[in-house]
Amino acid sequence: MTEATPDILTEGARDSLLKRGLKARYAREGRFKLYGLLAIAVAMSFLLLLLGRIIEQGHTAFYANQITVPVYMDPARIDRAYPQGTNFQQMVAQQSLARMGVTDDERGTKTTAYRALLSSELKFRAAAMIRENPALIGQTVTVTAPVSDEADLYYKGEVTRETPADQRKVSDQQMAWLDGLKRDGAVSTTFNTLLFTNGNSTEPELAGVLGAVVGSALMLLVTAALAIPLGVGAAVYLEEFSKKGRITDLIEVNINNLAAVPSIVYGLLGVALFINWAHLPRSSPLVGGLVLALMALPTIIIATRSALKAVPPSIREAALAMGASRTQTVFHHVLPLAMPGVLTGTIISMAHALGETAPLLLIGMVSFVPGIPHSVTAPTGALPSLVYIWENASERAFHERTAAAILVLLAFMIVMNAAAILLRRRFERRW
């Protein structure tokens, strides 16, 4: 029998083989890094595209055009006791046409067309001037007010003469009047303060986001006041105090399942539980906060338990060895060290709650609410539902305000997250 001769690599061949293997591993690592950079680049590209499109559509809502016109306060048409009942728009339209030498027909067609270029805000501002100084009746005063939504779109270039007649509400005659006002210096462009000081309105040029911002803030306060203590408390008990068994395993499984339940299910639960059974006021920040608190609870519990698990067991053992009780160990040592992770989970859950729309629509926050809420039980809207309402409005001017409301929502979220991140860093430096 002949013995098999083993293949023995020479030292040079072995070095060459090792170098090829290292080169292949380095090449794979380089490709993996390249894939990661490409993934980040693609994600950033989509994000920039999204933000760019929103800014492109919504930046025009942050400025508005207003008209300054002389108005003769006709004593025969103004009621001193109730000046807001006067049709100042009709009065301004008739006087403006008379100054231009335009003769209207018996039906007042041209007066109606000119009046459509004026916002109803003109009536309120003129009436306010009369209430403050009744001596203005019988005099000619200048009144400044926004133009109507369609006139504003024309000045912004959203509507032009090239736009088909069936796709615009501004006629060629109205465009000629608007051009004349611009030439005469009666029209000025200013920052749209009404967008931030008004509530919702059926007239786009007067619609604002203040009511929705206040409603979202009140709703999140209710959500945070309920979800954070309950979520952190439940997580601390389950992780640090409860005995492991079938009941706790069942609870953990249900919590994980609740985190994946669609948000519209929570909306249905809110309608059945808080509105139909508890008879809480519909479309109020209280009900919205309760619904969002239920939705945020699983996320806070899961994140808090993960943060508690990340604390080294030696911390617990050292505290117990020094004579601390179980409660002292958890609340004086473990929970403070886990607080940055707890705050991270809280930030995620609150940001998620702020952007939710489906449950808010079911509890009535899709309704038109023009005022500013002053309590958690007052009817109000929220920024996500306001975006939904404006996007589905028939007036074209609401579409630019939809993008502007999205920008306000993003700014609201950034400010809220920045505050939470600063708080988290404070805990990190402290402990």
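Being a predicted model, the structure only gives us computed values, none of them experimental. If you read the sequence from its start, that first residue is 1, and numbering goes on from there.
Side chain of S385 to main chain of A382: a donor-acceptor pair is present (N/O by atom type, distance under 3.5 Å, no hydrogens or angles). A distance-only check finds a donor-acceptor pair linking the side chain of D104 to the backbone of K110 [under 3.5 Å]. A distance-only check finds no donor-acceptor pair linking the side chain of S283 to the backbone of M365 [under 3.5 Å]. Without hydrogens or angle criteria, T163 side chain to T160 main chain gives a donor-acceptor distance under 3.5 Å. Counting only distance, with no hydrogens or angles, the side chain of R168 and the backbone of V159 share no donor-acceptor pair below 3.5 Å. N198 places a side-chain N or O within 3.5 Å of a backbone atom of L206 that can act as its donor or acceptor partner.
Of the listed residues (L280, L290, L268, I275), just one forms a side chain to side chain contact (heavy atoms under 4.5 Å, CB included) with I363, and that residue is I275.
The closest side-chain donor-acceptor pair between T327 and S325, if any, does not fall under 3.5 angstrom. In this model, no donor atom of one side chain and acceptor atom of the other lie less than 3.5 Å apart for S349 and T299. E203 and S120 are linked by a side-chain donor-acceptor pair at a separation below 3.5 angstrom, with hydrogens and angles left out of the test. Side chains of Q66 and T144: a donor-acceptor N/O pair is absent below 3.5 angstrom, by distance only. There is a side-chain donor-acceptor pair under 3.5 Å between Y154 and R161. Between the side chains of R115 and Q90, a donor-acceptor pair is found at a separation under 3.5 Å. Side-chain atoms of T60 and E400 include a donor-acceptor pair closer than 3.5 Å.
When all heavy atoms of Q94 and T111 are compared, the closest pair comes out as CG-CG2, 3.7 Å. Between H279 and N276, the closest heavy-atom pair is CE1-O, 3.3 Å. Here the closest heavy-atom approach between residue G211 and residue I372 is recorded as N-CD1, 3.4 Å.
The closest side-chain heavy-atom distance from L97 to W177 is below 4.5 Å.
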Run the numbers on E356 and S263 for side chain to side chain donor-acceptor pair (under 3.5 Å), then give the verdict. CA-CA 8 Å; E356 279 298 333; S263 59; 2.9 Å; yes

Give the intermediate values and the outcome of salt bridge (Lys or Arg N to Asp or Glu O under 4.0 Å) for residues R396 and E150. CA-CA 8 Å; R396 183 183 300 186; E150 293 296 330; 5.9 Å; no

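Classified by interplanar angle (parallel below 30°, tilted 30° to 60°, perpendicular above 60°), the ring pair Y237/F241 is parallel.
Electrostatic pairing of D152 and K156 counts as a salt bridge here, judged by a charged N lying under 4.0 Å from a carboxylate O.
The number of heavy atoms from other shown groups lying within 6.0 Å of OH (Y388) does not exceed 12.
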